[in-house]
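Sequence lines set the chain letters: A, B, ... in the order given, protein chains first and strands last, and positions in each chain run from 1.
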Amino acid sequence: MNVPLKIVLFTLAVTGFYTYVGAIVPQMEAHPPKSTEIGADMGPVELAATGKEIFFGKGTCALCHTIGGKGERCPDLEGIGRRAASRIEGVSAQEYLAQSMYQPNEYVVDGYQPTMPNISRAPIGLTDGEIIAVVAFLQNEGGEITVTPATRFEAAGEAGSQPVARTEGEGPLDALAIIKKYNCEACHDLAGAERRLGPPLHDIGARQTRAQILHSIVEPDAEIAAGEPPYTPGLMSATLMSTGFYDTLTLPELTALVEHLASLEGGE
Amino acid sequence: MLLVAAVLVLAGPALAQEGGEAYRDFPIVGSRVAIWVIAQLHLLFGAFVLAVPLFAVTIEYMGMRTGDQRYDDLAHEFTRLLTMAFSTTAIFGAMLLFMLLGLYPKFMSYLSSIFSATFLPYVLLFFGETFSLYIYYYGWGKLSPRVHLSIGVLLNVIGILVMMVANAWVTFMTSPAGIDDSGALVNVWDAIANPTWMPINIHRVIANVAFGGSIAGAYAAFNFLTAKTDEERAHYDWMGYIGNFVAIVALLPLPFAGYYLGREIYAFNQQMGITMMGGVFSWLFIVQAVLIGALFLAANYYLWLGMARIEGAERFRPAIKYLLILLTICLMIWATPHSMVASLEESRKMGGAHHPVLGFLGVMSAKNTAVNLMILTTYISFLLYRRGNRIATVAWARSGNIAQVAIFVGAAAVVIFLGVYGYYVEASVRIGFSVPQVGAVLFAMIAVTVIDAFLFKDCRETGGIRWGEISPRSQYALLLLAISFTWLMGLMGYVRSGLRQHWHVYGVVRDTSADAFTPTLGYATMVVSVTVLIFFAFLVFIFWLSRLSQKQAYRAQS
Amino acid sequence: MPDKQNGRGLPVIAQVALVFAGAYLLLRFSVQPPIPSSVLGMYMFFVGVSLMLFVSSDDDRFAEFKRPLIQLLTAREHKVPRLVLGTVFPLLVAYLGYAGAHTEIAPPGQQRTVHPAPPNEIDFKGKRIDVLTAENPFRHLAEEEPEAFREHVARGKDVYYRNCVFCHGDNLEGDGLYAHGLSPIPANLADPGTIAQLQESYLFWRIAKGGPGLPVEGTPWDSAMPAWEKFLDEDEIWEVILFLYDFTDQHPRSWEE
């Protein structure tokens, strides 16, 4: 047989064989997850069901909020539908719930710290429609669903969340006050080695230099601490950004905070 | 042509922003397949264009060192292929760009918003590569060897830089960095040096060398099989040997570079890592096992057949049997899936899809052990081949041999011990075992090579190598090597790209087109095969062109 | 070239056939339970390829291997065998074609992931449980309060023998009364390849969500396991998990110490 022809046949045979191998292994198609599209014709029940999915899934709300639990990090939301209307004078239930998502620090439940980021923005980034669904789900917790897919919230229009206001006449804060005000301990264990949303910092002074600590505060995503399960990049910067940490903290305060952290060296 | 590409690169963003649509449709095959095939062809030619200078400069250097004119001729012959392949690469690159801009305007406008700062350097580097390539080719034998070699080195450096810029774009899609929450650019350098950038750079450079070697081998094989004179046969036989040698040397560290890349992907996003190894793509690695098996078998087979042309190598023939048995067993272990396809009857007997005995072979411990032993076996084949016609004359020859055997046995023992011991320890400990396993193999290869170098310093030769007197079957092994390499690149390119699943830029720009789903493996392999065949068709054309130019020169001379 | 094989007097082609058959018998019968045909086929393919490589790695041997075949096909005196081959071979091909097309009525071969990737977290009756990190709330009692621990194990035993025993069997070997009516059959929990490879939180997921909770690559519903979250509460599930490990004398897998 003609040699070039032989080579061509050989090439075809080899490629054919590999194609055959690819065809005999199990065949699966993976489809992208259905995006929770809020159809204009969705009724209240469907909305609430979708909202539940978002609450436990994409919204990552359940990371901090419980429904029928202790509410350690953030308020427990059991029966929130009942309470929502009476939280702020003159603000309807649906508008209150929307506000607590678009501008979470506008009203902070007593005994809790302003730690929640604006969830309409990245990294969580719920769409307006998805937030409607979550509101429906929350209203369904002991209240009546008043939102429809066509609802437009006032809070959505106002740009982003409000920073934690600096109280008039407030002098420079010391480190402990900063930690309390911005609720660092919601995510970082400063007393022990517990893993929370962020790595424990009880021995940070022994592990890192002041410069490293400062860097981690100013640019939290530059280096994400290792560990299983992985920490979420972007969470800290988003949270701090929304609470106005970067806008209002002064240099002496920052220095005090770093000094304090550097003094944490584990031990008893 | 190059100018067109350059203008396009610069004008791209502007063009892209005009259309308001996110996607446009490509007739018949659809946008995804169209981009897939063209991008893969561009990559294959790009790899070839990067690999050949690496190969040519190395060979040229060897020629300078040994003073053997054959090396220089070989390097020159390859550079001739380059000029044509270079423009083909650019054509496919321009096509890819045109089609991306046309078919994925929204995505491209986002990508340009991130990487516009890299476009000008890319174009400049591209010009630099073009100029140094032409100087390198046309200056052959006209410049002083040293200057010429340095231009060759410069050509490689620029070539690798060009690749690294393009890699930044591609790896950004897998592991975006340097952007804020809304996806807007914060720091270009962070976007370039994203987590998978360096691993891909390293992986691609090594793989390019292996690919270049295998294509060189295929070129030699084709010419050997169609040669008319013994002289030609001898020349191409030797060339095929060199190609195979380069391919195998680069193949051996490739699994480790791949491992590094895999680790970075896991570290970047665990979900992505699980998708790769345990989810939708897990069966792809069974297909990969078959391909790697074919590569190892073909490389060994070539060496064994090659022994026939070495006078004195007969004494090593009986060893082939055992090497082959070892390779086969390792291969079987490597290809054993963890979850098996079984009929109802069979799975009842097994008590589920998990086989109580074979299940042990389906996990990482067994596979690492098998692949390390395969590498050792291939190395032994190569060692025996090298020794074919040599007999050590140094006084310590016997003890040197014993030491080498002891090192091999020791390395194999470490690999097997850790492989078996891995079943008795926690997963977290077991994962750490792969490092000493690889270490033992690398140590054995280096130590044995060093001993060998001294052992055969002034050896006695039992006979020459009768270049050209090799069985034609060996040349088919070379062809198989090249086809398998090319196909494997296509497959791995698919998994690297497919890992993003329904994202254009993972976690940032979502793929909302009709093609957002991940197709079946059968479909993917079909596309890969078609691409590989198109590539070879083009390659044959280039080879033919280069022969044509050679012929004219020959006539003019006579 | 003098070769050892020649001395033994057996033609190369016969040796090849013998080795191939030997390898088949070895793989087919030495491993129990039998290797699934899909895997066996792959193994035999590798054996076949290796044999061909071995035969053809030496010109003389290859020539000797081919000689009887070529003779059979060309030599004048082999007319009868050739005729036989000429009829038998097409018939064989026809039979294979027929057998391939005519399949018995049987469920198709199944591809199933042994340990499908779990979701990161599940919603257990409104409570979020992180499948990657959740720990058995009673596990720590094993050392701290052995008595309380035994009590939980005993409760788990109770749960097991009320609910699970019908399928998973008296000895947890996956051979309960109903086991043979199910496909795939229930997992043999005493096998060191099952629960010992997994974290307790993984078991929690599988028990709570059952077959309906399997991900796509596990092929949904490819398990008859009910979603026990509808019948058991959280503590009961954790307790039965304690019992599973206790009874089989195994330990859950842990990622970090």
Side-chain angles (χ1 to χ4, degrees), chain A residues 1-35 37 117-125 127 160 219-239 241-242, chain B residues 177 180-183 190 218 221-222 225-226 267-270 275 279-281 283-284 286-287 290-291 294 337 339 341 428 472 475-476 479-480 482-484 486-488 490-491 498 501-503 507-508 510-512 516-526 528-530 532-533 536 540:
Chain A
M1 208 185 339
N2 175 332
V3 172
L5 184 65
K6 255 186 179 170
I7 294 175
V8 169
L9 288 180
F10 181 74
T11 311
L12 286 174
V14 174
T15 348
F17 171 69
Y18 291 147
T19 318
Y20 171 72
V21 174
I24 55 170
V25 300
Q27 305 291 315
M28 295 182 261
E29 262 180 19
H31 287 271
K34 277 203 196 77
S35 60
E37 261 178 52
N118 176 349
I119 57 159
S120 70
R121 287 213 257 148
I124 299 171
T127 62
E219 211 180 315
D221 298 326
E223 206 178 316
I224 303 295
E228 289 308 318
Y231 296 112
T232 315
L235 189 63
M236 177 161 161
S237 52
T239 311
M241 212 105 71
S242 69
Chain B
D180 67 14
D181 309 331
S182 60
D190 285 347
F222 181 82
L225 290 171
T226 53
F268 174 74
N269 186 314
Q270 204 175 19
T275 304
V280 194
F281 291 104
W283 282 96
L284 184 139
I286 298 295
V287 179
V290 172
L291 276 145
S339 307
V341 179
S428 50
Q475 304 303 307
Y476 284 98
L479 288 171
L480 179 77
I483 300 166
S484 304
T486 315
W487 207 89
L488 189 57
L491 186 72
Q501 296 202 294
H502 50 277
W503 297 94
V508 180
R510 181 146 176 180
D511 183 350
T512 54
F517 69 97
T518 307
T520 62
L521 202 51
Y523 181 84
T525 50
M526 195 79 88
V528 171
S529 289
V530 169
V532 167
L533 290 177
F536 276 108
V540 166

Novice: Say you draw a straight line from OH of A:Tyr18 to CG of B:Leu491; how long is it, rounded to the nearest 0.5 Å?
Specialist: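 Result: 11.0 Å between the selected atoms.
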Novice: How long is the gap from CZ on A:Phe17 to OG on B:Ser484, to the nearest 0.5 Å?
Specialist: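 Interatomic distance, A:Phe17 CZ to B:Ser484 OG, rounded to 0.5 Å: 9.5 Å.
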Novice: B:Leu225 versus chain A, heavy atoms under 4.5 Å apart: side chain, backbone, both or neither?
Specialist: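 B:Leu225 touches chain A through backbone and side-chain heavy atoms alike.
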Novice: Tell me, for B:Thr486 versus chain A, whether the close heavy atoms (under 4.5 Å) come from the side chain, the backbone, both or neither.
Specialist: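 Nothing of B:Thr486, per the 4.5 Å heavy-atom cut-off to chain A.
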Novice: At what distance, to the nearest 0.5 angstrom, does CD1 of A:Ile24 lie from CH2 of B:Trp283?
Specialist: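 Output value for this atom pair is 9.5 Å.
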Novice: One pair to check against side chain to side chain contact (heavy atoms under 4.5 Å, CB included): B:Leu533 and A:Leu12. What are the steps and the verdict?
Specialist: CA-CA 8 Å; B:Leu533 290 177; A:Leu12 286 174; 3.8 Å; yes
Novice: I'd like to check the side chain to side chain donor-acceptor pair (under 3.5 Å) partners of A:Thr11; sequence neighbours left out, ordered by chain and number.
Specialist: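 Side chain to side chain donor-acceptor pair (under 3.5 Å) check on A:Thr11 returns nothing, list empty.
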Novice: Please identify each residue that fulfils side chain to side chain donor-acceptor pair (under 3.5 Å) with A:Thr15, with sequence neighbours left out.
Specialist: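 Applying side chain to side chain donor-acceptor pair (under 3.5 Å) to A:Thr15 gives none.
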Novice: Closest approach of B:Trp487 and A:Thr19, non-hydrogen atoms and distance?
Specialist: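 Looking at all heavy atoms of both residues, the shortest contact is CZ2-N, 4.1 Å.
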Novice: Flag the one option from B:Asp190, B:Val528, B:Val532, B:Leu479 with the top tally of heavy-atom pairs under 4.5 Å to chain A.
Specialist: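 Among B:Asp190, B:Val528, B:Val532, B:Leu479, the one with the most close pairs to chain A is B:Leu479.
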Novice: Can you tell me how far the OH atom of B:Tyr476 sits from the NZ atom of A:Lys6, to the nearest 0.5 Å?
Specialist: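 With rounding to 0.5 Å, OH (B:Tyr476) is 4.5 Å from NZ (A:Lys6).
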Novice: Hey, does B:Leu480 have a side-chain heavy atom less than 4.5 Å from the side chain of A:Phe10?
Specialist: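 Side chain of A:Phe10 against side chain of B:Leu480, heavy atoms only: contact under 4.5 Å found.
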Novice: Side chains of A:Val25 and B:Leu284: does their closest heavy-atom pair fall under 4.5 Å?
Specialist: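 Not in contact.
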Novice: Please report the closest heavy-atom contact between B:Val287 and A:Gly22, naming both atoms and the distance.
Specialist: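 That would be CG2-CA, 4.2 Å.
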